[in-house]
> 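First, the structure itself, so that you have it in front of you.
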Protein chains: 2
Amino acid sequence: MTATEDRRSARADTLVDPAPEQARARVAEGIEAGAMITVFGRCTVEYDGRASSTLGPGDRHVMLKPDGSILVHTDEGQQPVNWQPPGCTQEAELDDGALRIRSRRSTPEERLDVRFERVTQVSAFVVDDGSELAISGTEEDLRERILDDPELLEVGFTPLATERQTTAGAIDIYGEDRSSRTVAVELKRKRVGPDAVGQLGRYVDALQRDLHDDAEIRGLLVAPSVTDRARELLERNGLEFVSLTPEPSE
Amino acid sequence: MTATEDRRSARADTLVDPAPEQARARVAEGIEAGAMITVFGRCTVEYDGRASSTLGPGDRHVMLKPDGSILVHTDEGQQPVNWQPPGCTQEAELDDGALRIRSRRSTPEERLDVRFERVTQVSAFVVDDGSELAISGTEEDLRERILDDPELLEVGFTPLATERQTTAGAIDIYGEDRSSRTVAVELKRKRVGPDAVGQLGRYVDALQRDLHDDAEIRGLLVAPSVTDRARELLERNGLEFVSLTPEPSE
DNA sequence: ATCTTGATGTCGAAA
DNA sequence: TTTCGACGTCAAGAT
């Protein structure tokens with residue numbers, strides 16, 4: 001690849017302190033070209049849809065992505081203060097001499113308007129991203145770890161199915177213990193509270209009903225740890241707990 | 001305010017296609033100065049902490065905020081592909097001639113490394129954001145609506161307390177019906193699934209135990225609507241449902 | 001399309 | 001600090 005091609009693949013077209021019409025044109029071009037666009041400046045924001053919100057004047061960073069999403073970030077917080085999900089239609093226009101960026105979607109009907117009192121910078125980036133994220137340490141990893149070595153749960157445990165359906169939803173691992181008693185296993189990748197115990201209880205109850213069988217069904221919660229209240233609920237409901245992390249500890 | 005002061009309040013210091021050392025210096029200055037920093041370029045990302053991930057080479061947008069959070073965005077998705085929450089310590093350094101941005105925190109121990117093969121643009125923004133976000137359409141709105149007019153739930157309903165504590169957590173609204181039977185009300189601002197029914201059931205059970213009383217306690221779920229499975233669970237557990245939205249419909 | 005559940009969920013409040 | 005529930009949760013998979 002030549003240096004020229006190399007630069008073209010990720011060029012930045014940037015305007016500093018542009019006039020409103022300049023800024024509007026650059027944003028509109030970027031939307032048209034499928035670029036990733038950033039606008040920094042003093043603005044107000046209005047949102048209306050699943051909820052409603054207004055945000056008075058302040059300096060914010062606005063990002064428009066080619067997939068139709070838009071993010072408004074202030075100087076604090078990991079989360080955007082306002083946003084729209086992918087699939088929205090974006091427009092840049094002049095509103096009484098000021099840059100306004102609008103995003104809309106339907107189902108549900110939602111609208112986001114960002115009006116700039118002043119634009120400090122506008123950039124448009126052409127993006128070339130081939131790679132996908134590879135992640136580990138998930139609930140799926142925990143499941144694989146157990147299926148590779150079922151006796152991590154207890155001696156004689158035998159998995160029979162994963163994602164086994166019940167009328168209350170799917171059981172993560174369905175199996176038998178050494179005495180051929182049915183075991184429903186609920187997996188959580190990290191420390192769990194009472195909600196997970198409730199989930200496991202519903203599965204055990206549903207199995208009990210579905211199987212039309214008087215035999216005891218065991219419910220086993222597998223996670224790195226549980227909260228105190230979750231442990232109380234486990235005992236009260238006759239459910240069990242095994243401590244296990246998604247990946248072997250060092 | 002003069003034009004000069006006006007510009008100082010939101011100046012952008014931007015470098016286009018900087019050499020790695022130039023980029024490192026600008027990022028380091030920005031961190032020191034408490035600026036909001038953006039870096040666009042071709043990079044790889046590694047994360048290790050609550051989970052682990054790796055991301056191969058591609059063009060991405062990286063934002064560092066003065067509160068210690070960092071976000072890595074690709075050209076698609078509302079969510080960052082990698083991130084760190086507020087409160088992390090950030091560094092910019094040269095790694096074998098390339099810009100590397102690192103973010104760390106403890107409790108839990110987490111680390112994010114972004115290594116740039118090429119930097120297309122670096123910007124540092126000094127932010128002045130005065131305004132706070134005002135939202136409506138929340139669960140709090142729903143509570144106020146009911147307390148203003150309790151008979152929206154049913155004729156003769158009387159609220160006695162909000163956030164009443166039980167051993168299973170706090171009940172949104174605790175009250176009595178026209179026959180002086182105790183009523184536990186659980187509020188949800190939007191359509192609910194089985195999890196909310198489980199929550200309400202736990203509260204009613206806890207109340208039954210806490211009150212040492214044989215009188216029937218009613219459990220009332222208030223939301224715009226419920227899923228089919230949630231309705232089944234309601235009936236099975238002898239719980240009730242009233243349809244109500246956080247704001248009066250038009 | 002709706003429904004269900006996981007997530008490096010994040011965020012805020014209370015104990 | 002831990003625990004708990006809300007969130008315009010988001011995102012992915014199943015129906």
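In what follows, every chain begins at residue 1, and chains take the letters A, B, ... in the order their sequences are listed.
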> C:dT4 and C:dT8: how far apart are their P atoms, nearest whole angstrom?
23 Å
> Using the test side chain to side chain contact (heavy atoms under 4.5 Å, CB included), find all partners of A:S53 that sit at least two apart in sequence or belong to another chain.
A:Y47, A:N82, B:L133, B:I135
> Side-chain donor-acceptor contacts of residues 66-81 of chain A below 3.5 Å, not counting sequence neighbours, with atom names and distances?
| from | atom 1 | to | atom 2 | distance (Å) |
| --- | --- | --- | --- | --- |
| A:D67 | OD1 | A:S69 | N | 3.0 |
| A:D67 | OD1 | A:S69 | OG | 2.6 |
| A:D67 | OD2 | B:G77 | N | 2.6 |
| A:H73 | ND1 | B:K65 | NZ | 2.9 |
| A:T74 | OG1 | A:E76 | N | 3.4 |
| A:T74 | OG1 | A:E76 | O | 3.0 |
| A:Q78 | OE1 | B:W83 | NE1 | 2.9 |

> Quick one: list whatever passes salt bridge (Lys or Arg N to Asp or Glu O under 4.0 Å) with B:R202, sequence neighbours left out.
none
> State which residues pass salt bridge (Lys or Arg N to Asp or Glu O under 4.0 Å) with A:E132; sequence neighbours excluded, sorted by chain then number.
none
> Give one of base, sugar-phosphate or nothing for B:E186, where a contact means two heavy atoms less than 4.0 Å apart.
sugar-phosphate
> Do any pairs count as a ring-ring contact (aromatic ring centres under 6.0 Å, His included) and have a residue in residues 49-72 of chain B, sequence neighbours left out, and if so which ones?
A:H61-B:H61
> Would you say B:Y203 reaches D:dG5's phosphate, i.e. side-chain N/O to OP1/OP2 under 4.0 Å?
yes
> With DNA chain C as reference, determine whether B:V192 or A:E140 sits nearer its 5' end, using the nearest nucleotide of each.
B:V192
> Return the value, rounded to whole Å, for the distance between atom CG of B:L142 and atom C1' of D:dG5.
15 Å
> Can you name the side chain to side chain donor-acceptor pair (under 3.5 Å) partners of A:R218, sequence neighbours left out?
A:E154, A:D177, A:E240
> Let me check something: any side-chain donor-acceptor pairs from residues 166-175 of chain B under 3.5 Å, sequence neighbours excluded? List them with distances.
| from | atom 1 | to | atom 2 | distance (Å) |
| --- | --- | --- | --- | --- |
| B:T166 | OG1 | B:A168 | N | 3.0 |
| B:T166 | OG1 | B:G169 | N | 3.3 |
| B:T166 | OG1 | B:G169 | O | 2.7 |
| B:T167 | OG1 | B:D210 | OD1 | 3.4 |
| B:D172 | OD2 | B:L187 | N | 2.8 |

> Rounded to whole angstroms, how far apart are CD on A:Q165 and P on D:dT15?
7 Å
> In whole angstrom, give me the gap between the C1' atoms of D:dG8 and C:dA14.
25 Å
> Under the side chain to side chain donor-acceptor pair (under 3.5 Å) test, which residues partner A:T89, sequence neighbours left out?
none
> Looking at CZ of B:F157 and CG of B:L220, how far apart are the two atoms once the value is rounded to the nearest 0.5 Å?
7.0 Å
> What does the B/S/- profile of nucleotides 8-13 of chain D look like, 5' to 3', with a 4.0 Å heavy-atom cutoff to protein?
BSSS--
> Tabulated below should be each protein N or O lying under 3.5 Å from an N or O of nucleotides 1-3 of chain D; please produce it.
| from | atom 1 | to | atom 2 | distance (Å) |
| --- | --- | --- | --- | --- |
| D:dT3 | OP1 | A:R191 | NH2 | 2.7 |
| D:dT3 | OP2 | A:R191 | NE | 2.9 |
| D:dT3 | OP2 | A:R191 | NH2 | 3.4 |

> Both B:E139 and A:G193 contact DNA chain D. Taking the nearest nucleotide for each, which residue is further toward the 5' end?
A:G193
> Taking any atom under 4.0 angstrom from a heavy atom of chain A, which nucleotides of DNA chain C are the first and last to qualify, 5' to 3'?
C:dT5 to C:dC11
> With sequence neighbours left out, what residues match A:R115 under side chain to side chain donor-acceptor pair (under 3.5 Å)?
A:D95
> Could you check how far NZ of B:K188 sits from P of D:dG5, rounded to whole Å?
9 Å
> Is it the case that A:R189 and A:T138 place a side-chain donor and acceptor less than 3.5 Å from each other?
no
